[in-house]
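Written out below as structure tokens is the structure these notes cover.
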Amino acid sequence: MEKELQKIGHRIKLLRIENKISQKVLAKKLCISQTHLSNAENGRVMLSLKALLKLKRIFDCTLDELVDPENY
């Protein structure tokens with residue numbers, strides 16, 4: 001499970017950087033703390049489904065792209 005969290009977190013971080021959004025701004029859009037977003041990007045915690053759905057809209061991607069990037 002830990003490895004999957006790291007893959008998901010890495011994908012979120014890449015999308016955030018590609019879209020030129022800071023952690024602070026993205027965390028505010030997701031209604032979470034910057035620390036929680038950082039922990040998610042580093043694979044320490046999983047974001048809630050609600051946050052993942054918001055990310056999907058922000059990055060205009062599918063949930064599969066976020067949670068299963070290798071198989072997408």
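Note that the coordinates shown come from a computational prediction; the quantities given were computed from them, not determined experimentally. Below, all heavy atoms of this structure are taken into account, side chains as well, without hydrogens, waters or symmetry copies.
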What distance separates [X] [atom1] from [Y] [atom2], expressed to the nearest 0.5 Å?
| X | Y | atom1 | atom2 | result |
| --- | --- | --- | --- | --- |
| Leu49 | Lys54 | CG | NZ | 11.5 Å |
| Ser22 | Leu37 | OG | CG | 9.5 Å |
| Ser33 | Lys28 | OG | NZ | 13.5 Å |
| Glu41 | Arg16 | CD | CZ | 4.0 Å |

For the residue pair [X] and [Y], what are the closest heavy atoms and their distance?
| X | Y | value |
| --- | --- | --- |
| Leu15 | Asn19 | O-ND2, 2.7 Å |
| Gln6 | Asn42 | CG-O, 4.2 Å |
| Ile12 | Leu47 | CD1-CD1, 3.9 Å |

Connected via hydrophobic side-chain network under 4.5 Å: [X] and [Y]:
| X | Y | value |
| --- | --- | --- |
| Leu63 | Leu5 | yes |
| Leu55 | Leu14 | no |
| Ile17 | Ile8 | no |
| Leu52 | Ile58 | yes |

Task: Min side-chain heavy-atom separation Leu26-Phe59 under 4.5 Å - done: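 Yes, side chains in contact.
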
- Query: Does Arg44 reach the side chain of Ser38, with side-chain heavy atoms less than 4.5 Å apart?
  - Reply: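 Sidechains of Ser38 and Arg44: in contact.
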
Could you tell me whether the side chain of Asp68 and the main chain of Asp64 form a donor-acceptor pair under 3.5 Å?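 Checking the backbone N and O of Asp64 against the side chain of Asp68, no donor-acceptor pair under 3.5 Å is found.
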
Whether Arg11 side chain and Leu66 backbone form a donor-acceptor pair below 3.5 Å: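 Flag not set: sc Arg11 to bb Leu66 has no pair under 3.5 Å.
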
Self-check item: Salt-bridge criterion met for Lys56 and Glu65 (N-O under 4.0 Å)
Solution: no

